[in-house]
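First up is the structure itself, then whatever we jot down about it.
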Amino acid sequence: MKSEPNVYSIDDLKKEKRACWDGVRNYQARNFMRDEMKIGDLVLYYHSNAKPPGVVGIAEVCREGYPDHTALDPKDPHYDPKSSKDNPTWMMVDLKFVEKFAEMVTLDKLKATASLEGMLVTRRGQRLSVQPVESKHFKVVRKLGAG
DNA sequence: GCCAACGTTGGC
DNA sequence: GCCAACGTTGGC
């Protein structure tokens, strides 16, 4: 899962222990949160729009897909008039902090690591903020992050 | 700040 | 249903 560190970084999650992943307004990303992510699933936490961008740690799903309340609040920047309480368009999950890597795994490093070939985030033009990670890739990234 | 990639919107 | 225009993401 991607987050811009100046909006919500791994350090913010570490401090707050837990966060609801609101504000996602992309159907594919929503579908992953709604349909795929289960309690206990581990998540690579990726800093986008960062210098450098890369994976900075691990979080864990601690609540499964439920309606994103920020879509229902007209005062919220993520408000979506198409969404309603009875028929919510947008869903989110809750994450809890697991670990911050000793060493961040930069996008450059991901791209340069042969065993991560094919990992979605390394693909050019890949903008999805929530995307699946193969377990073999997850293990490699975690190992790299351990330093 | 630039711009490629790509999702969404809306006219037709 | 097509597609041009537009907006956003996010690396560089």
Side-chain angles (χ1 to χ4, degrees), chain A residues 1-16 18-37 41-61 64-95 97-147:
Chain A
M1 297 177 98
K2 299 181 187 175
S3 183
E4 300 192 23
N6 58 348
V7 176
Y8 199 82
S9 72
I10 186 92
D11 292 318
D12 293 323
L13 183 63
K14 184 175 184 178
K15 191 163 45 180
E16 295 179 5
R18 180 181 175 130
C20 53
W21 210 253
D22 59 33
V24 174
R25 297 294 177 267
N26 170 285
Y27 287 101
Q28 247 185 301
R30 178 209 61 186
N31 293 349
F32 284 124
M33 293 198 289
R34 185 189 59 188
D35 305 332
E36 309 291 341
M37 299 177 68
D41 284 353
L42 297 180
V43 170
L44 295 179
Y45 200 106
Y46 180 93
H47 279 175
S48 62
N49 252 324
K51 288 180 185 177
V55 182
V56 289
I58 292 175
E60 179 182 329
V61 177
E64 293 176 11
Y66 66 107
D68 180 345
H69 55 82
T70 65
L72 306 173
D73 176 1
K75 292 189 296 292
D76 193 282
H78 296 298
Y79 175 61
D80 180 358
K82 291 192 301 298
S83 190
S84 67
K85 201 174 177 188
D86 292 335
N87 190 15
T89 307
W90 302 112
M91 311 287 276
M92 60 188 180
V93 296
D94 286 358
L95 296 184
F97 177 80
V98 173
E99 68 187 48
K100 181 179 176 179
F101 285 163
E103 201 175 305
M104 94 175 275
V105 185
T106 64
L107 181 58
D108 277 350
K109 182 80 179 171
L110 295 175
K111 287 177 173 174
T113 303
S115 52
L116 294 176
E117 198 177 346
M119 193 177 176
L120 282 181
V121 77
T122 63
R123 287 224 309 241
R124 182 176 143 90
Q126 178 52 263
R127 303 185 311 164
L128 257 193
S129 63
V130 181
Q131 53 183 253
V133 175
E134 291 177 44
S135 92
K136 62 178 181 185
H137 290 163
F138 183 95
K139 286 173 191 157
V140 172
V141 174
R142 188 174 212 174
K143 202 165 191 175
L144 289 172

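Naming convention: chains lettered A, B, ... in sequence-line order (proteins, then strands); numbering from 1 in each chain.
- To the nearest 0.5 Å, atom CD of residue A:E60 and atom CG of residue A:L95 are 9.5 Å apart.
- A donor-acceptor pair is defined here as one N or O able to donate and one able to accept, closer than 3.5 Å; such a pair exists between the side chain of A:H47 and the backbone of A:I10.
- The distance from the CZ atom of A:R18 to the CG atom of A:L13 is 10.5 Å, given to the nearest 0.5 Å.
- Remark: the backbone N or O of A:L128 is paired with a side-chain donor or acceptor of A:Q126 at under 3.5 angstrom.
- Smallest separation of non-hydrogen atoms from A:S84 and A:L72: C-CD2, 3.5 Å.
- Looking at A:R30, its side chain does come within 3.5 Å of a backbone N or O of A:T89 through a donor-acceptor pair.
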Give the intermediate values and the outcome of side-chain contact (heavy atoms from CB on, under 4.5 Å) for residues A:K2 and A:V121. CA-CA 10 Å; A:K2 299 181 187 175; A:V121 77; 4.2 Å; yes
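- Think of the region where chain A sits on DNA chain B: with heavy atoms and a 4.0 Å cut, that region ends 5' and 3' at B:dA4 to B:dT9.
- Here A:Y66 and A:W90 keep their ring centres 6.0 angstrom or further from each other.
- Projected onto DNA chain B by closest heavy-atom contact, A:R124 and A:R25 fall at different nucleotides, the more 5' of which corresponds to A:R124.
- In terms of position along DNA chain B, the nucleotide closest to A:G125 lies nearer the 5' end than the nucleotide closest to the other residue of the pair A:G125 and A:K82.
- Of the residues in residues 46-58 of chain A, those with a non-hydrogen atom less than 4.0 angstrom from any atom of DNA chain C are A:Y46, A:S48, A:N49, A:P53.
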